[in-house]
Amino acid sequence: MTGSTPAPFTAADYRTRMDRAARAAADAGLAGLLVAPGPDLVWLTGYAPTAITERLTVLVLAPGRSPVLVVPTLEAPDAAKAPGADALTLRDWTDGKDPYAATAALLDATGRFGISDNAWAMHLLALQRTLPDTAYASLTDALPMLRAVKDAAELRLMAAAGTAADAAYEEIRKVPFAGRRESDVGADLADLLRQFGHSQVDFTIVASGPNGANPHHEVGDRVIQRGDMIVLDFGGLKDGYGSDTSRTVHVGEPDDEEQRVHDLVREAQEAGFRAVRPGVACQEVDRAARAVIDDAGYGPYFIHRTGHGIGVTTHEPPYMIEGEEQPLVPGMCFSVEPGIYLPGRFGVRIEDIVTVTEDGGRRLNNTAREMALVD
């Protein structure tokens, strides 16, 4: 069920990414980037330490200089095996030595640097003590679009993750819902994601009846009943890239209002998708979807942004929200997921991952958006 194994990224791929990141730093007026263990480091080098500890590991990128990965000596052998290791220089430090002095030697003593959002405070503060005239900005603030535009290989992986999530949805519709706990269905859904190739399951929301009015309910012990509307929202990582899709199903036949609200959300989701094209501001996707719901009188019940970026993490820039003027660029991938949430009654959300093409958008989720009836 997992499909063929994709070709791994090469040292040349990682070199291209690091060069691009260094150029982006220079364009943003930064002296360089400091990348701690986490998704940015994996994306730039392919290196994910087996354990993230108090010992400093940091990739230093600066315009016009070769990349350097500062690592503890005991972790250097693993770092040397990373697929991007041939595109950088390893500089290891032993216990008892000062890793901040070793890192400071690579930095402009008066520069402003972008630093990973997930860098430990103790490491940042120690660098500031060592180089008191430096300044720092989070990568999300300084370079929010660093990972946003996917290349052809990344888009293939994103599409495969979407296809796997779609397959999980087609199978979950076949399991019994009524009389079982949300957590039981959620466990089935997680198993299906793994069966279809996901190495990591990030969330399996199964929000039935009134729980559907909470967008982030996930799962609980509520027993699903006939007549329930159920929001299913699930995703994770397959071959290092994210999936995230939502469909809303019903146990038995819906009543007129449930059907009307579902149809309205489906119309809003289609409007958001149709707004996707190069050069359009992210906020226009939100506006297009929200206008449909506002015009129908349900505006106060659409209580979240229309979408978020996705890639090596399931939530990342850009965001489809009012005030985000970042233009869409071919290769960006993000969700389009409007919803309506009626407190104490039910909720509806429909979500696809969409990528920007040269002349519009392409859905990476392609299961039916009409309300599915389950048993």
Side-chain angles (χ1 to χ4, degrees), residues 162 165-166 169-170 172-173 177 182 205-218 224-235 244-277 280-308 319-324 334-354 360-374:
D166 285 355
Y169 172 68
E170 296 292 3
I172 200 66
R173 289 168 54 186
F177 280 75
E182 293 172 341
I205 292 174
V206 180
S208 64
N211 288 340
N214 174 1
H216 282 173
H217 168 69
E218 295 203 1
I224 297 169
Q225 305 168 24
R226 292 199 65 79
D228 278 350
M229 190 88 89
I230 306 170
V231 177
L232 303 174
D233 183 353
F234 50 95
D244 185 1
T245 188
S246 302
R247 295 292 186 263
T248 302
V249 302
H250 199 277
V251 185
E253 294 290 336
D255 64 29
D256 289 346
E257 184 180 21
E258 289 171 331
Q259 187 66 62
R260 182 170 65 252
V261 170
H262 191 281
D263 289 346
L264 182 62
V265 173
R266 182 158 59 95
E267 181 184 349
Q269 206 269 348
E270 178 68 18
F273 170 69
R274 293 296 177 191
V276 175
R277 59 186 182 277
V280 167
C282 291
Q283 67 182 1
E284 295 302 328
V285 178
D286 182 84
R287 288 174 176 177
R290 199 168 299 276
V292 174
I293 294 174
D294 285 344
D295 289 349
Y298 285 91
Y301 305 106
F302 181 9
I303 56 177
H304 56 72
R305 64 197 175 204
T306 292
H308 58 82
Y319 299 100
M320 307 302 114
I321 190 170
E322 182 66 32
E324 178 52 81
F334 50 84
S335 65
V336 178
E337 52 175 308
I340 293 175
Y341 309 93
L342 302 179
R345 300 179 62 201
F346 65 88
V348 176
R349 182 163 64 258
I350 300 172
E351 174 186 14
D352 294 325
I353 299 304
V354 172
R362 175 169 65 96
R363 298 181 193 267
L364 302 185
N365 296 106
N366 293 288
T367 53
R369 292 165 201 90
E370 292 79 13
M371 188 192 301
L373 304 184
V374 297

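Numbering starts at 1 and runs along the sequence shown.
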Are the side chains of F177 and L232 in touch, meaning some heavy atoms are under 4.5 Å apart?
yes
With a 4.5 Å heavy-atom cut-off, do F346 and V261 have their side chains touching?
yes
Do the side chains of V336 and M320 get nearer than 4.5 Å, heavy atoms only?
no
Please tell me whether Q269 and D352 have a donor and an acceptor in their side chains that are separated by less than 3.5 angstrom.
yes
Is there a donor-acceptor pair closer than 3.5 Å between any side-chain N or O of N365 and the backbone N or O of I353?
yes
Backbone of N366 reached by a side-chain donor or acceptor of D166 within 3.5 Å:
yes
Is there side-chain contact between P215 and R349, with at least one heavy-atom pair below 4.5 Å?
yes
Is there a donor-acceptor pair closer than 3.5 Å between any side-chain N or O of S335 and the backbone N or O of H308?
yes
For the residue pair V249 and Y169, establish whether any side-chain heavy-atom pair is separated by less than 4.5 Å.
yes
Apply salt bridge (charged side-chain N to carboxylate O under 4.0 Å, His left out) to residues R363 and E270 and explain how you reach the verdict.
CA-CA 11 Å; R363 298 181 193 267; E270 178 68 18; 2.5 Å; yes
Between Q259 and H250, is any pair of side-chain heavy atoms under 4.5 Å apart?
no
If only atom types and distance count, is the side chain of E284 paired as donor or acceptor with the main-chain N or O of A281 below 3.5 Å?
no
State whether the side chain of Q283 and the backbone N or O of G323 hold a donor-acceptor pair below 3.5 Å, judged by distance alone.
yes
So, are R260 and D263 salt-bridged, with charged N and O less than 4.0 Å apart?
no
Would you find a donor on one side and an acceptor on the other, under 3.5 Å apart, between the side chain of D286 and the backbone of T306?
yes
Sorted by chain and number, sequence neighbours left out, side-chain contact (heavy atoms from CB on, under 4.5 Å) with D294 holds for R290
Which atom pairs, one a donor and one an acceptor, fall under 3.5 Å between side chains of residues 206-214 and the rest of the protein, sequence neighbours left out?
{"residue": "S208", "atom": "OG", "partner": "E182", "partner atom": "OE2", "Å": "2.7"}
{"residue": "S208", "atom": "OG", "partner": "R222", "partner atom": "NH1", "Å": "2.7"}
{"residue": "N211", "atom": "ND2", "partner": "E182", "partner atom": "OE2", "Å": "2.9"}
{"residue": "N211", "atom": "ND2", "partner": "H217", "partner atom": "NE2", "Å": "3.3"}
{"residue": "N214", "atom": "OD1", "partner": "H216", "partner atom": "N", "Å": "3.1"}

Return the minimal non-hydrogen interatomic distance between E257 and L342, and the atom names on each side.
OE2-CD1, 4.0 Å
A side-chain contact here means heavy atoms from C-beta on lying under 4.5 Å apart; do Y298 and V265 qualify?
no
R305/E324 salt bridge by N-O under 4.0 Å criterion:
no
Side-chain donor or acceptor of T245 paired with backbone N/O of E351 under 3.5 Å:
yes
Return the minimal non-hydrogen interatomic distance between R247 and A368, and the atom names on each side.
NE-O, 3.2 Å
